[in-house]
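Single-structure report; data block below.
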Amino acid sequence: MRKGAARTFSLFVLGLLAFGPVADAAVSIGPSGAPAAIAYVTQTASSQPTIWTIRTDGTQNTRIGPGFTPLIAPSGQQIAASLFGANPANSETGPALAIYSTVGAPTQTYFNLAGETVQPLAWSRDGRYVAVDVLSTKLKNAARLSGLGIVDVTTGTARMIARGQICGASFAPNGSDEIVYGRAARQTLTAPVNVFRSNADGSGTVALTRDGRSLFPLWGPS
């Protein structure tokens, strides 16, 4: 970052070998200030994965809907979830991402399991955007069809802002909706991976590292 930049932020970057995405997490806890609720997944050999919420004191156990890797919005009123593997008929068709409401609003769905899987990565502080890892299931040009997607839950739209293999993403805590993310141009274990910063619409992209081994950034408090 240039000395004297107008915005001050702290950024923690793990300089690690470029390995694949981390394993699915079944539990997501709302950030500070959100209602004291936990989202978790239940599944058996004969039933689809189902997301639930529960208060930290064990009360108000509520079924949300099918899905994996729930991620709670800062307000606690929405939960993003991957729908890959959540089809009861074991048929990977239909939407790839769900945005569930915990206050009775209609569920929003995005992307298509026919060509991609989607993993929620981070909510923006104002709860407008969700950063997602889009992984193409096509055998040809998979890296060019994969990348970082941004879902705007206010307008109900989704767009890709970076192409390649995504290794983590984190929004600015100051409410500016800027985002940092790790990206490799190729989907191989040895592909160079670096950290980038951009606006939520993909504009103003800046490479923060160039060492080829930096990934999984976390944007900490100013």
From [atom1] ([X]) to [atom2] ([Y]), nearest 0.5 Å:
| X | Y | atom1 | atom2 | result |
| --- | --- | --- | --- | --- |
| W123 | I72 | CH2 | CD1 | 10.5 Å |
| W219 | S176 | CH2 | OG | 5.5 Å |
| F84 | T69 | CZ | OG1 | 11.5 Å |
| Q78 | T102 | CD | OG1 | 8.0 Å |
| F68 | I51 | CZ | CD1 | 9.0 Å |
| S136 | R163 | OG | CZ | 9.0 Å |

inquiry  = If you apply the rule side chain to side chain donor-acceptor pair (under 3.5 Å), what do you find for T209 with N194, and how did you get there?
reply    = CA-CA 5 Å; T209 69; N194 282 294; 2.9 Å; yes

In terms of side-chain heavy atoms, does [X] have a donor or acceptor partner in [Y] at a distance below 3.5 Å?
| X | Y | result |
| --- | --- | --- |
| S146 | Q187 | yes |
| D152 | T157 | no |
| W52 | T42 | yes |

Provide the closest heavy-atom pair for [X] versus [Y] in the form atom of the first, atom of the second, distance.
| X | Y | answer |
| --- | --- | --- |
| G168 | L121 | C-CD1, 4.4 Å |
| P173 | G220 | CG-O, 3.2 Å |
| S101 | G104 | OG-N, 3.3 Å |
| A122 | A169 | CB-O, 3.7 Å |
| A162 | R183 | CB-CD, 4.0 Å |
| A184 | A191 | CB-CB, 4.0 Å |

Less than 4.5 Å apart, side chain to side chain, heavy atoms only: is that true for [X] and [Y]?
| X | Y | result |
| --- | --- | --- |
| T56 | I38 | yes |
| F171 | P74 | no |
| I161 | D201 | no |
| L97 | P120 | yes |
| E116 | L145 | no |

query = Do you know which of V134, I150, L148 makes side chain to side chain contact (heavy atoms under 4.5 Å, CB included) with M160?
reply =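 Answer to the side chain to side chain contact (heavy atoms under 4.5 Å, CB included) test with M160 among V134, I150, L148: V134.
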
Passing option when T117 is tested against T137, V132, L83 for side chain to side chain contact (heavy atoms under 4.5 Å, CB included) =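 For T117, the side chain to side chain contact (heavy atoms under 4.5 Å, CB included) check succeeds only for T137.
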
Using modelled atom types and a 3.5 Å cut-off, is there a donor and acceptor pairing between side-chain atoms of [X] and backbone atoms of [Y]?
| X | Y | value |
| --- | --- | --- |
| T205 | G202 | yes |
| S124 | Y129 | yes |
| N112 | T93 | no |

Worked verdict on E178 versus R197 for side chain to side chain contact (heavy atoms under 4.5 Å, CB included) = CA-CA 7 Å; E178 285 187 298; R197 185 190 83 229; 3.5 Å; yes

query = If you draw a 6.0 Å radius around CZ in F196, do more than 12 non-hydrogen atoms from other residues or ligands fall strictly inside?
reply =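 Yes, enclosed.
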
message = Working note: Q108 + V153, criterion side chain to side chain contact (heavy atoms under 4.5 Å, CB included); need CA distance, chi angles, decisive distance, verdict.
response = CA-CA 8 Å; Q108 299 178 21; V153 299; 3.9 Å; yes

query = Please walk me through it: do F111 and V151 pass side chain to side chain contact (heavy atoms under 4.5 Å, CB included)?
reply = CA-CA 10 Å; F111 300 99; V151 174; 3.9 Å; yes

Trace of the side chain to side chain contact (heavy atoms under 4.5 Å, CB included) decision for L71 with I79 = CA-CA 5 Å; L71 189 65; I79 298 175; 5.8 Å; no

query = Are D177 and R128 within salt-bridge range, i.e. N to O under 4.0 Å?
reply =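 No, D177 and R128 are not salt-bridged.
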
inquiry  = Here's a test for you: under side-chain hydrogen bond (donor to acceptor under 3.5 Å, both in side chains), which of T50, N61, T53 qualifies with Y40?
reply    =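 Testing each of T50, N61, T53 against Y40, the sole residue satisfying side-chain hydrogen bond (donor to acceptor under 3.5 Å, both in side chains) is N61.
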
